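Model, not experiment: these values are computed from the prediction. To find a chain, count down the sequence lines: A is the first, B the second, and so on, and within it residues start at 1.
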Amino acid sequence: MTELLKISLPDGSVREMERGSSPADVAAAIGPGLAKAALAARVDGEVRDLGRPFDGDAQLELITARDEADALELARHDFAHVLAEAVQALYPGTQITFGPATDDGFYYDVMAPASREPFSSEDLPAIEEQMRAIIKADKPLRREAWSRQKLIDKWEADGEAFKAEWAKELPENEELTVYWSGDDWLDMCRGPHLPSTGKLDPQAFKLMRVAGAYWRGDQNNAQLTRIYGTGWLNKKQLNLHLHNLEEAAKRDHRKLGREMDLFHLQEEAHGSVFWHPKGYRIWRELEAYMRRKMDSTGYREIKTPQLMDVRQWEQSGHWGKYAENMFAVPDMVPEVSEDEGNAAPTVAADADWLAIKPMNCPAHVIVFKQGITSYRDLPIRLGEMGCCHRNEPHGALHGLMRVRQFTQDDAHIFCTEAQVVEEVRAFCELANSVYQDFGFTYHVKLALRPEKRFGSEADWDKAEQELRDAVAEAGMANEEYGWEELPGEGAFYAPKLEWHLTDAIGRTWQVGTIQGDRVLPDRLDATYVGEDGGRHRPVMLHRAIFGSYERFIGILIEHYAGRLPVWLAPVQAVVAPIVSDIDGYAQEVEAKLKAAGIRVEADLRNEKINYKVREHSLAKVPHLLVVGKREAEEGSVAIRTLGEKDQRVMSLDDAVAMLTAAATPPDLRPEAV
RNA sequence: GCCGCGGUAGCUCAGUGGUAGAGCGCGUCAUUGGUAAUGACGAGGCCGAGAGUUCAAUUCUCUCUCGUGGCACCA
């Protein structure tokens, strides 16, 4: 008299199943094809093993390879387990820890046995081989519930110190699960998993690299070896991914920066950029653009000192928190050694210390504090192309993306409490117009109060709510803008709104930010005189749109794969004569374009036109103007535009008009005004 | 800062216990050629820095440094 379970399917039908039956049974009942294709099940919205019995009546959706997101997640998680099993099979005594799915695959953190070196990339082929063997063996993956104590005993018996440590911290009463791979290997895991290892495609994964990673992400703990793999549902997907990686490598800004002669980095100033003429041209265009944007939205630009007394940084709180990442300079005349070549100066014990600014905010507060400010003057928006230095951990440096010297498009808005929401909303609008001009889409996120912070809870409540409200006012607190709140991610003095750009190949970059700060105005005693005649604290909004010029240019190079829009291109056009008889005309064309404000060069070298076309195409010059006898006679040019197959012949005057239009920055185009 | 890998010509890289090689680039000459590499010749290197082993080190060992892939960090 067992009662039957009612299992509802997505098509609206309901199947009656015996108690104890599982999604696998439902799949089998529907048909053998589905039984084979099914990978897992979504039971009342939760992804579960195919073989896990129903708890009661349920909504069921069977997951197959067609449900790509779910299937990928399952496959990657299984690849990680197979990886761990393979490593232990090959190298007994290896300790296993954790191995999740990632965006493009999986990894597993392991500790090599003391008897051998940590794993290296040379071990990867053998591990891959072993993984394929495990997949081919089609070992069933079986879920089993264990008590916590049983788990601890098992891990301790096996010498798995990391696993045992973790198990001890799991809740005592909760039922814990392990997954068997066949009958000879298991890992503790919440699941779910595919029914068996054979559901994985042995040709759809590749181990990519090994790296160090700290146990539980804490640098005080042991360092494990993390083995990274990329994993997919089939070989085609894997190959596509590998191809995309190659494409991404081709647009690496470090490579393009060298090839396009934009900038270089070198040992003597590591983490600081040597900008070459072409790279700095991009910078200048961006800076001019940003100045126009800020001038037209009520900002006033200032310039503040590079060096300030360390005491100023103590007062702001930065010295206490970030001293180790700041550069300090003794305020003294160095004693020069008689000994030539001895460049190490001695520092007097009583020297005063100056710090090179790691940020502009305290200096902006100092400017704000000059004189007496009335509420009638607020908001005050102070902008600065502020050059800052931070002594970053060496392992963090990366091309233009993470440097020790950088220049921010920084500004601080001092305003009353009542003005915060409107100021933030207006900033959302400004940031939006900038990112659109560069062809980026973006997500807006709110980073909430961190564990270690200054300021009262009431102020944090207020500050977070203001940012929320402003984004809502701007119409961006929704899915379209990827709206999300990130607990614990804020700065020590303020919650942050963050703009995460998505580039042409789908990667995201956090650039813009605005932060509602009540801490610094208080610590540095900034005040304004209110309507009531009393002194009040302004709210200080820290904000940037590019973030830093260095990083933003790096992002632009990768976003456009070096093919910058004409208005940013260091060289916008090259005039290339076919024979030297035409050099005179080529120079005439060059002069005319120059007079129109186009960044143009004439390539009069004694080379064939094929050579010039190839070279300037590789250099990513947007327009190549080829001139031969025909063009010289007609007063025309043959324009070859980068990325287009065909040339266009037009009169020189038309060419000037066309290039002038193409070279106009987006904010100055007629349709933008 | 931690783990792994690397540093040889301007760039990309090969190579060796007896102080080095290619391609591209650069220079000179010839060539004046209609849309992605014309040819010949030539000049370039303290083989990242320091120490050690050795008759001898670019090569082996150690330290440092910078880069690189991750981790940790990112006001």
Side-chain angles (χ1 to χ4, degrees), chain A residues 107 109 112 117-123 208-228 252 254-255 258-259 261 264-271 313 316-326 357-362 388 390-399 401-403 406 408 450 452-454 489-494 496 510 513 515 517 519-520 542 547-548 551 576-583 605-619 624-631 638-640 642 644-647 649:
Chain A
Y107 67 78
D109 288 348
E117 314 255 291
F119 299 109
S120 75
S121 45
E122 282 163 27
D123 298 312
M208 303 297 280
R209 64 182 96 87
V210 296
Y214 299 106
W215 166 237
R216 307 179 86 162
D218 184 335
Q219 62 172 325
N220 298 314
N221 289 340
Q223 188 144 27
L224 309 166
T225 304
R226 177 168 297 177
I227 301 176
Y228 279 95
D252 187 310
R254 294 165 300 184
K255 180 172 175 287
R258 197 170 43 241
E259 289 171 1
D261 193 19
H264 85 274
L265 294 151
Q266 71 178 48
E267 219 175 303
E268 288 73 10
H270 77 104
W313 299 103
S316 68
H318 293 97
W319 189 255
K321 205 161 157 58
Y322 293 109
E324 61 182 19
N325 294 317
M326 287 171 66
K357 68 175 170 184
M359 55 183 347
N360 308 298
C361 349
C388 299
R390 294 179 188 173
N391 198 351
E392 302 284 3
H394 289 194
L397 300 176
H398 180 92
M401 301 304 188
R402 190 85 179 268
V403 286
F406 55 91
Q408 297 174 313
K452 285 184 188 165
R453 56 180 180 264
F454 291 165
E489 303 266 311
F492 72 89
Y493 53 78
K496 302 195 276 192
Q510 200 237 299
T513 181
Q515 310 163 4
D517 180 9
V519 173
L520 257 194
H542 308 246
S548 93
R551 187 155 174 275
I578 292 168
V579 292
S580 53
D581 291 353
I582 308 302
D583 286 0
R605 291 174 305 169
N606 175 15
E607 297 292 351
K608 290 188 173 174
I609 194 63
N610 285 353
Y611 182 89
K612 293 182 186 179
V613 166
R614 174 178 157 83
E615 187 156 291
H616 297 300
S617 299
L618 290 175
L624 185 60
L625 282 60
V626 176
V627 291
K629 291 202 177 87
R630 222 157 43 221
E631 287 77 10
I639 298 192
R640 184 187 166 111
L642 189 64
E644 287 173 23
K645 278 190 190 128
D646 301 319
Q647 56 167 339
V649 179

Approximate separation, where rounding is to 0.5 Å, of Gln408(A) CD and Arg551(A) CZ: 11.5 Å
Syn/anti state of G48(B) by chi, 90° boundary around 0: anti
Gln266(A) atom CD: more than 12 heavy-atom contacts under 6.0 Å: yes
Note: Asp252(A)-Arg254(A) ion pair, threshold 4.0 Å (strictly below): yes
P atoms of G15(B) and G6(B), separation to the nearest Å: 13 Å
Touch class at under 4.0 angstrom, heavy-atom based, for Ala213(A) against every strand present: sugar-phosphate
Presence of Tyr611(A) side-chain N/O under 4.0 Å of G25(B) phosphate oxygens OP1/OP2: yes
N or O in side chain of Lys255(A) less than 4.0 angstrom from U12(B) OP1/OP2: no
Stepwise ring pair (Phe, Tyr, Trp, His ring centres under 6.0 Å) check, Phe454(A) with Phe492(A): CA-CA 6 Å; Phe454(A) 291 165; Phe492(A) 72 89; 5.2 Å; yes
Pairwise P distance, C73(B) and G17(B) [rounded to whole Å]: 45 Å
Closest to the Pro393(A) side chain, choosing from A72(B), A37(B), A75(B): A72(B)
Pairwise P distance for G48(B) and U12(B), with rounding to whole Å: 15 Å
Minimum side-chain heavy-atom gap Arg209(A)-Tyr107(A) below 4.5 Å: no
Distance below 4.0 Å between Arg402(A) side-chain N/O and C73(B) OP1 or OP2: no
Listed partners of Tyr214(A) passing side-chain contact (heavy atoms from CB on, under 4.5 Å), at least two apart: Gln219(A), Gln223(A)
Of the listed nucleotides A75(B), G69(B), U38(B), the one nearest the side chain of His318(A): A75(B)
G44(B) and U8(B), which share atom name C1', separated by this distance in whole Å: 14 Å
Donor-acceptor pair under 3.5 Å, Arg216(A) side chain vs A72(B) base: no
Distance below 4.0 Å between Tyr228(A) side-chain N/O and C71(B) OP1 or OP2: yes
Secondary-structure stems, RNA chain B, at least 3 Watson-Crick or G-U base pairs under 3.5 Å: B:1-7 with B:65-71, B:10-13 with B:21-24, B:26-30 with B:38-42, B:48-52 with B:60-64
Give each protein N/O atom lying under 3.5 Å from an N/O atom of nucleotides 58-68 of chain B, with the pair distance.
from   : atom 1 : to        : atom 2 : distance (Å)
U65(B) : O2'    : Glu267(A) : OE2    : 2.8
C66(B) : OP1    : His270(A) : NE2    : 3.0
U68(B) : OP1    : Arg254(A) : NH1    : 3.0

